[in-house]
There are 2 protein chains.
Amino acid sequence: MLMIMGFEKDSLNLIVPELAELLVKRYQLLRKIYYSAPIGRRPLASYFNLGEKILRKEVDLLREQGLLIVDQRGISLTPSGENLVTDITPYLKSLLGLTLLEERLLRILKVKRVLVIPGNLENDEVVLLEMGRAAAKILRELLEPDMILAVSGGTSCAAVADMLSEGPAPHGIEVVPARGGLGEVVDYQANNIAARVARKLRARYRLLHLPDSLGEEALQIVMKDEKVQRILGMINSAKVLLHGIGIADEMARCRNATPEEIKRLVHEGAVGEVFGLFYNAGGEIVGSIPGLGLYLDNLNKHARHVIVVAGGRKKAEAIIAIVGNHPRDLLVLDEGAARKIAEIAGDNGGDKAFDE
Amino acid sequence: MLMIMGFEKDSLNLIVPELAELLVKRYQLLRKIYYSAPIGRRPLASYFNLGEKILRKEVDLLREQGLLIVDQRGISLTPSGENLVTDITPYLKSLLGLTLLEERLLRILKVKRVLVIPGNLENDEVVLLEMGRAAAKILRELLEPDMILAVSGGTSCAAVADMLSEGPAPHGIEVVPARGGLGEVVDYQANNIAARVARKLRARYRLLHLPDSLGEEALQIVMKDEKVQRILGMINSAKVLLHGIGIADEMARCRNATPEEIKRLVHEGAVGEVFGLFYNAGGEIVGSIPGLGLYLDNLNKHARHVIVVAGGRKKAEAIIAIVGNHPRDLLVLDEGAARKIAEIAGDNGGDKAFDE
DNA sequence: ATAAATGGGTCTAAAAAAGTCCCATCTGGC
DNA sequence: GCCAGATGGGACTTTTTTAGACCCATTTAT
């Protein structure tokens with residue numbers, strides 16, 4: 001049974017304006033439970049900053065609908081609840097105007113495909129997992145035998161690694177980190193993520209040990225090492241690239257850059273960072289992690305598929321700078337970043353936001 | 001923008017179960033205002049048996065949505081409100097399962113096309129007008145030059161006449177009453193309806209003066225009259241038939257049938273009546289208005305289009321008896337009758353009912 | 001001109017919602 | 001096999017929302 005949807009989105013919102021709010025609230029709830037089941041009533045309430053009773057009412061309603069079960073261990077989704085949370089997603093996206101937003105971003109940015117995940121990563125950490133799941137699913141579909149897959153660090157790529165389904169991939173795939181060890185939490189380092197992705201894919205992986213703390217000369221020496229050279233070569237010939245996007249000043253501060261280096265980056269208008277390279281709003285490289293130089297500059301030329309995962313309103317400028325000026329194949333972002341990008345581009349849809 | 005609807009109907013109902021109730025309530029409200037504008041707050045409240053405040057809340061909400069305007073004369077629909085009430089109808093029908101119900105009735109009955117109007121005629125008189133409007137619209141599309149259109153009496157056909165749009169129809173059309181004057185209110189007599197339909201179509205019409213109160217012999221004499229004979233001939237050669245359906249015992253009691261005649265009809269199992277002919281559940285003619293005999297028996301053979309309009313749960317059996325055994329081209333009924341028919345046929349969808 | 005109907009405002013009563021606690025029970029770690 | 005901690009369910013109170021019943025100034029149709 002097929003029906004034209006477009007007009008009903010608006011019509012339904014007109015005649016039942018509370019629909020969007022109700023739908024979004026319960027969708028968020030189901031989605032959170034999906035990722036955290038079994039979870040107690042109180043942790044759930046505090047997660048959404050809701051009163052205990054108000055959440056209980058929702059849970060009772062959804063339980064009566066057969067969407068979730070609640071037992072002594074906590075609240076979990078029933079099978080039909082799990083089906084629903086995926087089934088309803090395209091409708092929700094249409095209702096919230098995210099489908100239109102995706103089309104808008106296709107025009108604004110230089111990207112072949114866009115996926116906007118409902119919600120705001122800054123308010124709802126489940127959104128990050130959803131982004132990871134979406135990117136991971138597409139990543140798997142891209143894999144072919146003997147491909148080299150280069151991954152960057154950061155929370156976004158970590159989420160992709162976490163949500164990647166376990167199971168064998170085509171033969172001969174190798175996963176490499178696109179950068180050496182950074183001064184971050186180990187879970188978000190490129191090395192670690194490469195290893196996790198490889199484990200999920202049952203593929204090989206290489207590690208690149210280039211701590212940022214190394215001095216310029218030491219770095220030059222290490223980079224002449226045969227092993228390091230081979231991995232650098234692999235990175236540059238990677239067929240699939242998966243990377244997040246950093247906010248320039250955050251990254252510069254996080255990595256031990258000198259104060260004058262930071263000052264210079266600011267002066268040059270750096271807004272975004274990828275693989276240790278800093279970009280200004282025009283998409284030009286205006287700096288890099290000390291010592292590494294621009295050895296990654298020609299990554300895009302060899303890569304066949306470039307996947308970007310990034311979320312949060314504050315990353316909008318960085319996304320525009322990078323994805324707006326350099327062609328990418330897939331961009332997975334959250335609603336927060338997507339709306340902000342559309343706002344900046346002066347092309348916002350005026351739709352109501354999903355998040356509070 | 002196209003989307004698959006089927007599953008969303010159920011999915012939306014699952015995750016936002018209050019949607020159906022809200023939608024139906026406001027749809028009913030808009031529909032009533034559409035037909036009664038401008039109408040005051042108090043008459044509206046009493047029409048729906050609602051408290052004054054509770055209705056005011058709904059009206060305020062719909063006003064804020066820009067669907068209706070309220071001024072000193074009362075409440076009316078805005079243009080977008082009028083558009084909405086028609087735009088949302090197919091969605092509402094799908095949500096309530098009426099689209100499925102229509103398909104089910106196609107299988108149960110011998111009819112080419114079915115239209116189920118949301119609501120129950122017995123609780124909401126606006127439903128009758130909606131039925132009339134739907135039938136009238138299709139009737140107009142069927143008209144061709146020099147056609148003879150025969151109409152029956154009753155409230156349903158009267159509604160069709162009322163809702164028929166005013167404007168010229170193809171040339172040479174003639175409207176005739178399918179039966180003589182009955183002992184009913186003048187507005188519901190076939191003669192009167194034929195005249196009103198003709199006026200709307202700017203077509204010619206003939207009247208047939210055969211009061212039921214006439215005795216058997218007098219009737220026989222009148223029927224030999226040349227004029228009467230010609231009209232009877234026209235009726236029998238009508239290309240388009242529009243008729244309602246009567247409930248057997250109501251009709252028998254209403255028309256002055258003798259007690260023994262009523263007894264005989266009951267004994268024969270008469271359940272439905274059309275054009276003065278009584279049908280049992282098997283669709284066989286078991287009686288007729290005295291004197292007229294079966295002169296209309298072969299109506300169907302000449303008619304090219306037969307339209308039936310009938311509503312109300314209590315007419316379900318009659319509809320089954322007649323439309324279930326004699327081929328019709330179009331059946332316009334209300335949700336009440338449609339659901340009852342499906343129940344009787346043991347094939348009910350189990351959907352929630354539109355009406356309270 | 002006038003009488004009836006209109007929407008809007010207000011006061012009050014009732015009901016529903018939400019916050020806050022407690023408790024029996026079960027789970028999971030050890 | 002035990003114990004600490006978390007689980008959902010229930011009960012009570014406070015708050016908020018809702019709904020009912022008026023009255024009133026204005027306007028409209030007669």
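Values below: every heavy atom of this structure, side chains too, minus hydrogens, waters and symmetry copies. Residue numbering restarts at 1 for every chain, and letters A, B, ... go by the order of the sequence lines.
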Atom [atom1] of [X] and atom [atom2] of [N]: how far apart are they, to the nearest Å?
X	N	atom1	atom2	result
A:R42	C:dG19	CZ	P	15 Å
B:K57	C:dG8	NZ	P	17 Å
A:E58	C:dA17	CD	P	11 Å
B:E52	C:dG7	CD	P	9 Å
B:L68	C:dT6	CG	P	16 Å
A:L50	C:dA18	CG	P	10 Å
B:L44	C:dA5	CG	P	15 Å
A:L55	C:dT20	CG	C1'	15 Å

(request) Only one of A:R31, A:E122, A:E335 passes side-chain contact (heavy atoms from CB on, under 4.5 Å) with A:V127; say which it is. (result) A:R31
(request) Using side-chain contact (heavy atoms from CB on, under 4.5 Å) as the criterion, point out the one residue from B:I88, B:L22, B:L96 that pairs with B:Y27. (result) B:I88
(request) Identify the 5'-most and 3'-most nucleotides of DNA chain D with at least one atom closer than 4.0 Å to a non-hydrogen atom of chain B. (result) D:dA19 to D:dA29
(request) Give B:P38 one of three labels, base, sugar-phosphate or nothing, depending on what nucleic acid heavy atoms sit under 4.0 Å from its own. (result) nothing
(message) Taking any heavy-atom pair under 4.0 Å as a contact, classify A:I39: base, sugar-phosphate, or nothing.
(response) sugar-phosphate
(message) Taking the side chain as everything from C-beta on, heavy atoms only, tell me whether A:V59 gets closer than 4.5 Å to A:R41.
(response) no
(message) As an exercise, state the distance from CG of A:L44 to CG of A:L29, rounded to the nearest 0.5 Å.
(response) 6.0 Å
(message) Pairing donors with acceptors under 3.5 angstrom, does anything connect the side chains of A:E125 and A:Y47?
(response) no
(message) Please compare A:K53 and A:R73 by the position of their nearest nucleotide in DNA chain D and report the one closer to 5'.
(response) A:R73
(message) Taking the basic N atoms (NZ, or NE/NH1/NH2) and the acidic carboxylate oxygens, is any pair closer than 4.0 Å for B:R26 and A:E18?
(response) yes
(request) Identify, between A:Q72 and A:R41, the residue whose nearest nucleotide on DNA chain C lies closer to the 5' end. (result) A:R41
(message) Tell me whether A:K137 at atom NZ has more than 12 heavy atoms from other residues, nucleotides or ligands lying less than 6.0 Å away.
(response) no
